[in-house]
Amino acid sequence: NKLNIMGEKNKNRGKEIISWEIPEYKKHDRGRGWYVLSGIMAVIFLLYALFSQNFLFAIFIEIVSIILILNEGKNPIKIKVAITDDGVQIGKNLYEFDDFKNFSIIYKPDQNIKNLYFEFDSYIKQRLSLSLEDINPIKIKELLSPILKEDTDRKDPPLSEKLADLFKL
């Protein structure tokens with residue numbers, strides 16, 4: 001992973017304070033059993049959709065199956081994440097600090113969890129979840145604490161992330 005501390009001004013997006021790279025998505029090791037079970041579940045859902053004449057659900061099942069099959073052979077690309085003096089830049093997208101309500105860091109080395117979360121002020125937007133990779137979480141906390149309120153109540157990753165890991169999605 002590439003690490004950049006105290007970088008140069010970045011195209012009117014603020015001075016880069018720290019940056020790192022994260023994978024575009026989490027790639028799971030799925031064994032043969034996972035694919036067999038997933039295939040059986042897809043066929044069951046497809047049959048249900050056809051018998052109940054819910055053709056939109058049938059199309060949805062087919063699209064999800066195709067996406068899973070097409071993405072299986074690919075490795076996630078690396079995306080640059082940077083904390084700047086204006087906000088958080090992920091790839092080419094900048095999220096200004098004013099857009100966030102708070103941040104939280106969950107660090108559980110025994111469970112291989114080291115994540116940074118941002119809650120948006122808007123209820124429409126989902127939380128932003130970023131892996132900290134090789135970045136020291138204390139350094140991130142020191143950088144963000146003067147700017148944003150820290151949510152100290154969050155002790156575990158969200159249920160949606162736990163379920164995605166459990167089902168290897």
Side-chain angles (χ1 to χ4, degrees), residues 1-4 18-83 88-95 99-120 122-141 144 151-169:
N1 291 340
K2 296 177 185 173
L3 176 63
N4 179 20
I18 189 168
S19 68
W20 66 99
E21 289 185 340
I22 62 172
E24 180 182 23
Y25 56 88
K26 191 172 188 179
K27 185 164 175 89
H28 295 278
D29 292 326
R30 300 175 181 141
R32 176 178 242 149
W34 186 91
Y35 288 102
V36 169
L37 184 60
S38 296
I40 291 169
M41 294 300 295
V43 168
I44 289 170
F45 286 140
L46 192 58
L47 289 173
Y48 170 77
L50 294 174
F51 283 124
S52 65
Q53 296 181 353
N54 189 344
F55 301 113
L56 187 59
F57 184 54
I59 292 170
F60 174 76
I61 294 299
E62 288 302 312
I63 290 172
V64 168
S65 300
I66 290 168
I67 289 171
L68 282 173
I69 291 167
L70 290 176
N71 280 335
E72 181 53 34
K74 296 181 181 178
N75 285 324
I77 61 172
K78 293 284 188 174
I79 297 174
K80 182 180 177 181
V81 174
I83 296 178
V88 179
Q89 185 173 348
I90 303 169
K92 295 181 181 181
N93 298 323
L94 177 72
Y95 300 94
D99 296 337
F100 299 123
K101 179 172 40 174
N102 60 42
F103 79 97
S104 57
I105 296 174
I106 298 179
Y107 180 53
K108 295 185 174 189
D110 56 324
Q111 297 174 27
N112 200 24
I113 298 171
K114 186 163 57 163
N115 295 335
L116 170 63
Y117 298 94
F118 291 97
E119 291 288 338
F120 286 97
S122 169
Y123 291 107
I124 297 171
K125 292 183 179 180
Q126 290 183 334
R127 93 185 59 77
L128 188 58
S129 173
L130 303 168
S131 171
L132 285 174
E133 299 296 311
D134 295 331
I135 302 296
N136 183 343
I138 295 170
K139 173 89 172 155
I140 299 297
K141 182 177 180 172
L144 294 174
D151 178 4
T152 56
D153 292 335
R154 183 184 301 269
K155 303 292 183 207
D156 292 304
L159 180 61
S160 58
E161 284 186 19
K162 289 180 181 179
L163 290 174
D165 284 342
L166 177 66
F167 293 117
K168 298 182 180 183
L169 298 175

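- Here Glu24 pairs with Pro76, Ile77, Ile79 under the side-chain contact (heavy atoms from CB on, under 4.5 Å) rule; sequence neighbours left out.
- Annotation: Asp110, atom CG; neighbour count of heavy atoms from other residues, nucleotides and ligands within 6.0 Å is above 12.
- For the side-chain hydrogen bond (donor to acceptor under 3.5 Å, both in side chains) test, residues two or more places apart in sequence or in another chain that qualify with Ser131 are Glu133.
- Residues passing the side-chain hydrogen bond (donor to acceptor under 3.5 Å, both in side chains) test with Asn71: none are found, sequence neighbours excluded.
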Side chain to side chain contact (heavy atoms under 4.5 Å, CB included) between Ile44 and Tyr48, worked out: CA-CA 6 Å; Ile44 289 170; Tyr48 170 77; 5.5 Å; no
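- Residue-environment remark: CZ (Phe55) exceeds the threshold of 12 foreign heavy atoms within 6.0 Å.
- Partners of Asn54 according to the side-chain hydrogen bond (donor to acceptor under 3.5 Å, both in side chains) rule, which considers only residues two or more places apart in sequence or in another chain, do not exist here.
- Taking Tyr107 as the reference, nothing meets the side-chain hydrogen bond (donor to acceptor under 3.5 Å, both in side chains) condition, with sequence neighbours excluded.
- Leu130 contributes atom CG, which lies 10.5 Å from atom CD1 of Ile105 (distance to the nearest 0.5 angstrom).
- Judged by distance alone, the side chain of Lys80 and the main-chain N or O of Gln89 form no donor-acceptor pair under 3.5 Å.
- The CG atom of Leu144 sits 5.0 Å away from the CZ atom of Phe103 when rounded to the nearest 0.5 Å.
- Leu70 CG: more than 12 foreign heavy atoms inside a 6.0 Å radius.
- Partners of Phe100 by ring pair (Phe, Tyr, Trp, His ring centres under 6.0 Å), not counting sequence neighbours, listed by chain and number: Phe118, Phe120.
- Around CZ of Phe60, the count of heavy atoms belonging to other residues, nucleotides or ligands within 6.0 Å does not exceed 12.
- Residues satisfying the salt bridge (Lys or Arg N to Asp or Glu O under 4.0 Å) test with Lys108, not counting sequence neighbours, are Asp156.
- For Gln111, the CD atom sits in a packed shell: over 12 heavy atoms of surrounding residues, nucleotides or ligands are nearer than 6.0 Å.
- Pairing each heavy atom of Ser19 with each of Ile135, the nearest pair is O-CD1, 4.2 Å.
- The distance from the CG atom of Leu56 to the CD1 atom of Ile61 is 10.5 Å, given to the nearest 0.5 Å.
- Around CZ of Phe45, the count of heavy atoms belonging to other residues, nucleotides or ligands within 6.0 Å does not exceed 12.
- Pairs passing the salt bridge (Lys or Arg N to Asp or Glu O under 4.0 Å) check and including a residue from residues 64-77, sequence neighbours excluded, read Arg30-Glu72.
- With sequence neighbours excluded, the residues that form a salt bridge (Lys or Arg N to Asp or Glu O under 4.0 Å) with Asp165 are Lys26.
- Every side-chain contact (heavy atoms from CB on, under 4.5 Å) that Ser104 has, sequence neighbours left out, goes to Tyr117, Asp151, Arg154.
- Considering CD1 of Ile83 and OH of Tyr95, their distance stands at 14.0 Å, rounded to 0.5 Å.
- For Lys125, there are no salt bridge (Lys or Arg N to Asp or Glu O under 4.0 Å) partners two or more places apart in sequence or in a different chain.
- Partners of Lys168 under the salt bridge (Lys or Arg N to Asp or Glu O under 4.0 Å) rule, at least two apart in sequence or in another chain, do not exist in this structure.
- Pairing each heavy atom of Lys162 with each of Pro157, the nearest pair is CE-O, 3.5 Å.
- Between the CG atom of Leu46 and the CZ atom of Phe51 there is a distance of 10.0 Å, given to the nearest 0.5 Å.
- The minimum heavy-atom distance linking Ile140 with Trp20 is given by the pair CD1-CZ3, 4.0 Å.
- Here Leu116 contributes atom CG and Leu128 contributes atom CG; the two are 7.5 Å apart, rounded to the nearest 0.5 Å.
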